[in-house]
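To start, the structure itself, in structure tokens.
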Amino acid sequence: MRGGVGLCDVSWLAKIDLKGFGLKAAPSLGPSADCWHLGACHYLATFDPEARGAVLRSIQALTGAAPELDLPPPVYATEVTSVYAALLLAGPKSRHTLRKLTSLNVSESALPDGACGQAGLAHVHTLVLRRDLGGLPAFLLLVGREYAESVWEAIAHAGQEFHLTPFGLEAWRLLSL
Amino acid sequence: MSFLLRCPHCGDRSVYEFRFGGEVKPRPAPGASEEEWVNYAYNRTNSAGVQTEWCYHRSGCRQWIKAVRNTRTNEVLETFYPEENAR
Amino acid sequence: MSRFFFDGEPIEAQPGDTVASALYRAGRRIFTRSFKYHRPRGLLCLSGHCPNCMMNVDGVPNVRACVTPAREGMRVRHQNAWPSLEQDWLSAAQHFDSLMPVGWYYKTLTHPSAWHVAEPWIRKVAGLGDPPPPDAPPREYEHAFLQAEVAVVGGGPSGIAAAFEAASGGAQVILIDDQPEPGGHLRYTRPGEAPASIAQLRGQPNVELLARAYCFGLYEGGLLGVLQADPHPGAHERLVHLRAKRVVVATGAYEVPLLFENNDLPGILLSGGARRLLFLHRIVPGRRCVIVGIGARAEDLASDLRGAGIEIVSLISPDEVLGAVGSTRVEGLRFRGGSVTCDLIVVCGPLLPDAGLLSQAGARLAWSAAHGAFLPADLPPHVTAVGRVTGSGLEPAVPLPPGEVRAGKRHFVCLCSDVTSQDLVDGISEGFEHIETLKRYTTATMGPCQGRMCQLPAIGICARETGRTMGETGTTTARPPSPSVTLGALAGPRHHPVRRTPMHYQHEALGAVWLDMGAWKRPRYYRTAESSEERRCVQGEYQAVRERAGMIDVSTLGKLEVRGRDAGRLLDKVYTNRFSDLRPGRVRYCVICDDAGIMLDDGTISSIADDHYFLTTTTGNLEFVEQWLEWWLAGTGWDVHITNLTGGLAAVNLAGPQARDVLAGLTGLDVSAKAFPYMACRQALVADIPAILLRIGFVGETGWEIHVPAESGEDLWKALLEAGKAFGIRAFGVEAQRLLRLEKQHVIVGVDTDALTSPYEADMAWVVKLEKNDFIGKAALSRAAGDPREQLVGFVMQEDGVPDDGSAVVMDGRPAGRVTSSRFSPREGRAIGLAWVPAGLAGEGAEIRVRVQGRPLLARVTRRPFYDPEGARLRM
């Protein structure tokens, strides 16, 4: 996978959808969570389920506004862990694989580490979240859970040219170090 | 037809990523005449020139925006989020 | 070295050979037969422009052999000749050319039945090549999406220079070239002189080279369509969508033939074709050669050919030439003042800018006599042109318009369609004087070469015959794709998105027969140990629901969470009934109309809290409802936020007289009729899984719609099956559900309603709350509250026969209405359904006739549900 590209199912990652007029600026959720800007006043938090406690406390601080105390406009948090399947595409050839599937510009300048974009990927609406892994370019691809199997097949097919290999938790842990 | 629209959030995208929502026109007040309602429901100005229209970024951020476009040349002059209280 | 097969015979190919060059080296001179007259044709351009080398390669028809690299094991077959290229019986057509003048369909086939007799025969012999047989192995096509700051089309000397200049300036460049190696015309005019610039270019990190790729279209917004051959071992073709901020067109110039008698004979080569054979493939095309051309071009060519050992018999000026001599190959040339024998004629044809892409981008084409060509002008701001495509270095080869037009039946202007100068002159004399109408009447320029070989001489003839200048005559409109593109490449990888519910593999294990609903897979019915036959299985499922308990996977329902201080306000605005007064723990049926009062969708809305609602929509309409709600919200500043939960929740509808017994065994929640009445919603653990339960009834029995997180869907399904075993529970599919709901006359929006249906016509006046403040459709609906002209009614057949969905309701022998849904009901013993009928026939008991397999059968209108009209079983 280091020479080409690998694909890993990380749908177990926790995801929380944040919306509200109180989100005109990016919320800060602590070091355990990544916060992705999906639209005006719309963010998605992704994090390892083990950090759930800490992340929920940060979110509570945002959403616990009491209108009668004249605090900022409310923020609504919705649990969407089950709504999205998450596929991690990683390796030097991950961009080459992606550009066979989506018209989203995933070049280094257009989508640097930590940036996100939304577009069709294999004809399915996808959230593309760039989060490099162990020095390798890597992309977290979020699709509606019902599409997961179908999109996996499309990515695996496009990645054949680069000898795409599926990888599991062990390899993921090793790369994350 | 393959012109680009600048989504305020996502940047330049192909027009096919959007769903066309029709020209922007004011909705009659509840007590308006039948003629005004019929005109609103069934008639379009359909300008040959600059018009303001609704676009839904269905392949991207899934937000509604307004676009000002010249229907003769497909030049998109401006795109913006709908202003508050401007329906 | 490699070996491929031509018509079953092995052919040796050297490295770098194309299919055509290998066949030529092996001695072949006839490569195809022409479209109409089946005249023998040989290599002419060697550059993929003319139609003379088209063959079937590995099952793919109409492949240009002269630009297709030879591969080990390739199977090549000839086209358009029977029994062989050397002996084609259909070449007898030439003897009947007087019966086939220009526009002959309109002149010869004038008797009313003539076309019907002639058409099958014309179809048999028409066309070029055969489509692949149905069992041919599928070919792999790919798509790719690239972005560039600068796209350079054409890897010849000007293109390479332009790419290098842009890259040195820091731009990210993509260079597109259709040959295996860049270099353009230098590859066969100055072979061995690989410019230093190519090596420099390869060294630049911000330049990407797409080789063996041709650009077939330049579209709005800087979009280029590019077709790349053999991108990697696993794919045959790749369609590249390339977005560029700036486009540099460096496509160069191509050469076209000269016009004289028998100018299409094998053995006549364009100067560029001869050079490609000599310098790219090291093949000597003949021994005794006549060059048709003047000036330095002809001299240079003579010197190149002599250097290869070819005897140059004569250099002849084009206006001296009368015609080539020979039957299946060149044997000599006749000219004013005599004739010579030869086995090769090389013509210095006009060089024309390959400006199609520039025309597509909106450039004007202006005639330049000094260049002997139409040159591109008025380019749009983001497009530039460099090199020979601008006309630089080009000179006229023949005067245009010609001094006189030699109209002859063997003077071929359009090689693709066998259109001669005689045909063009006749077409003009018949009144088709405009170049666009002349094109369509004669079909000149409408063949595989897309006008490359023939447009210029055709315009020349048109100008001369109508007394106009070349500029006044003008060109025909250039449109993409040019060159042509395979349909398979446009379609791309054979992958369609499939949506599977969390219980998909449970259904597989239960013997589901699948139904496609959009991209969703749903069980239509389940095969049992006793039967696989649909009707019996559906009946078994139906009986289970009516008599015991049934369970259906309804995970495909659209599900939206609507939250915010103004959530109730938005729902009141968008839906026809009231929701701001819906108490937490209650569910209400909901309908959306547009401002013309037309029904757009229906579903349910449950109140979780004052500022928190849970919406369900029909399976196919979720995207629409989400967009619709967001649109009415846009710009209002209301505090409402909508989240799509569809894939995140698995849902099962458990229904039947014993559904309560099944459910009670899996939850601690009090599910008695008193504690959990009809149209209530609760949250509780079911089989230890956190669930939302909605007590609603689409199929007319006591039932619950149970929603759980998707990852627990399988567990819920298995738990229900297990708990239901003792009660004889059955899983039921979409077909059984359709029948069950039909007995209750429950309307399905989009099936029983259409783009003209208001709630009044669908017998749902109760869902419209006109006393509300403004909502969408209120103005139209308050005006329409009177008697509608058409009504949706239930009916039961009085005779045997099951109408198809969509069958006509007839009155006095004429269609008066339409059946929307119809199924055989075991309970009634006859077919039942819903139908649109005129208001006059909408009364209870009215007799109507329904057309079933052509016969108008009797049916009776029933306004009340066929099953449990009071709805008592729902509320138990």
Side-chain angles (χ1 to χ4, degrees), chain A residues 11-12 15-23 39 41-42 67 73-85 96-110 119-125 143-151 153-163, chain C residues 140 142-149 172 223 231-235 238 240-243 492-502 504-505 519-521 555-556 559 561-565 567 611-612 622-623 637-650 708-713:
Chain A
S11 299
W12 43 262
K15 313 157 197 94
I16 293 188
D17 182 285
L18 297 163
K19 289 190 175 86
F21 294 124
L23 289 172
C41 302
H42 183 197
V75 171
Y76 298 91
T78 306
E79 177 73 47
V80 292
T81 301
S82 314
V83 173
Y84 295 105
H96 296 76
T97 309
L98 277 177
R99 56 181 213 181
K100 288 168 75 167
L101 297 161
T102 178
S103 59
L104 184 69
N105 190 340
V106 294
S107 64
E108 178 62 49
S109 50
L121 185 146
H123 307 296
V124 174
H125 184 249
V143 296
R145 194 184 197 274
E146 70 271 27
Y147 287 105
E149 208 177 316
S150 185
V151 171
E153 281 168 3
I155 298 173
H157 185 84
Q160 266 174 10
E161 182 184 351
F162 312 107
H163 311 293
Chain C
E140 286 293 322
E142 293 188 337
H143 281 180
F145 302 88
L146 304 186
Q147 297 88 20
E149 283 170 55
Q172 180 239 338
L223 176 67
H232 65 92
R238 175 183 289 171
V240 179
H241 304 71
L242 171 55
R243 283 271 180 194
R494 274 184 316 280
H495 173 266
H496 300 283
V498 174
R499 301 168 88 173
R500 296 176 171 88
T501 74
H504 182 92
Y505 293 98
W520 284 106
K521 294 278 186 200
S555 306
T556 62
K559 310 168 200 82
E561 178 190 79
V562 180
R563 293 171 73 179
R565 288 191 290 232
D611 63 349
H612 187 171
L622 180 278
E623 310 233 317
W638 292 357
D639 184 51
V640 188
H641 305 281
I642 299 162
T643 307
N644 180 359
L645 300 176
T646 299
L649 291 170
V708 297
E711 63 268 20
S712 302

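Below, read A as the first sequence line, B as the second, and so on, with proteins coming before strands; counting in each chain starts at 1. Any value given below was found using the heavy atoms of this structure, including those in side chains, with hydrogens, waters and symmetry copies removed.
- Under the side-chain contact (heavy atoms from CB on, under 4.5 Å) criterion, Ala110(A) pairs with Asn105(A), Ser107(A), sequence neighbours left out.
- Using a 4.5 Å cut-off between heavy atoms, Glu561(C) touches chain A through its side chain atoms alone.
- The choice from Glu153(A), His123(A), Glu149(A) that makes the most heavy-atom pairs within less than 4.5 Å of chain C is Glu149(A).
- Looking at Glu140(C), the atoms closer than 4.5 Å to chain A (heavy atoms on both sides) all sit in the side chain, from C-beta outward.
- Proximity to chain A (any heavy atom under 4.5 Å) is restricted, for Asp611(C), to the side chain, taken from C-beta onward.
- Residue His504(C) does not touch chain A at all, counting heavy-atom pairs closer than 4.5 Å.
- Of the two parts of Arg238(C), only the side chain, counted from C-beta on, holds a non-hydrogen atom closer than 4.5 Å to a non-hydrogen atom of chain A.
- Using a 3.5 Å distance cut-off with no hydrogens or angles, the side chains of Asp639(C) and Tyr76(A) do pair a donor with an acceptor.
- Minimum interatomic distance between Ala710(C) and Gly647(C) (heavy atoms only, all atoms of both residues): CB-O, 3.5 Å.
- Of all the listed residues (His157(A), His42(A), Glu79(A), Arg99(A)), the one sharing the greatest number of non-hydrogen pairs under 4.5 Å with chain C is Arg99(A).
- With hydrogens and angles left out, the side-chain atoms of Glu142(C) and His232(C) include a donor and acceptor closer than 3.5 Å.
- Taking every heavy atom of both residues into account, Lys15(A) and Thr81(A) meet most closely at NZ-O, 2.9 Å.
- Neither the backbone nor the side chain of Thr501(C) comes within less than 4.5 Å of any heavy atom of chain A.
- Arg499(C) contributes no side-chain N or O that, together with a main-chain N or O of Ser150(A), makes up a donor-acceptor pair within less than 3.5 Å.
- Between chain A and the residues Pro502(C), Pro493(C), Gly234(C), Gly564(C), the most heavy-atom pairs under 4.5 angstrom are made by Gly564(C).
- Annotation: side chain of Val80(A) is not in contact with side chain of Asn644(C) (no heavy-atom distance under 4.5 Å).
- Ranking Glu711(C), His496(C), Arg243(C) against chain A, the residue ahead of the rest is Glu711(C), based on heavy-atom pairs under 4.5 Å.
- In this structure a side-chain-to-backbone donor-acceptor pair under 3.5 Å is present from Gln172(C) to Gln147(C).
- Heavy atoms of Leu146(C) lying under 4.5 Å from chain A belong exclusively to its side chain.
- For a residue to count as touching a neighbouring chain, one of its non-hydrogen atoms must lie under 4.5 Å from one of that chain's; by this rule Leu649(C) does not touch chain A.
- Of the two parts of Gln160(A), neither the backbone nor the side chain holds a non-hydrogen atom closer than 4.5 Å to a non-hydrogen atom of chain C.
- Your options are Val124(A), Thr102(A), Val106(A), Val151(A), and the one with the most heavy-atom pairs under 4.5 Å with chain C is Thr102(A).
- Not counting sequence neighbours, the partners of His241(C) by the ring-ring contact (aromatic ring centres under 6.0 Å, His included) test are His143(C), Phe145(C).
- Lys19(A) places no side-chain N or O within donor-acceptor distance of the main-chain N or O of His641(C), the cut-off being under 3.5 Å.
- Contact of Leu104(A) with chain C is made through the backbone alone, with heavy-atom distances under 4.5 Å.
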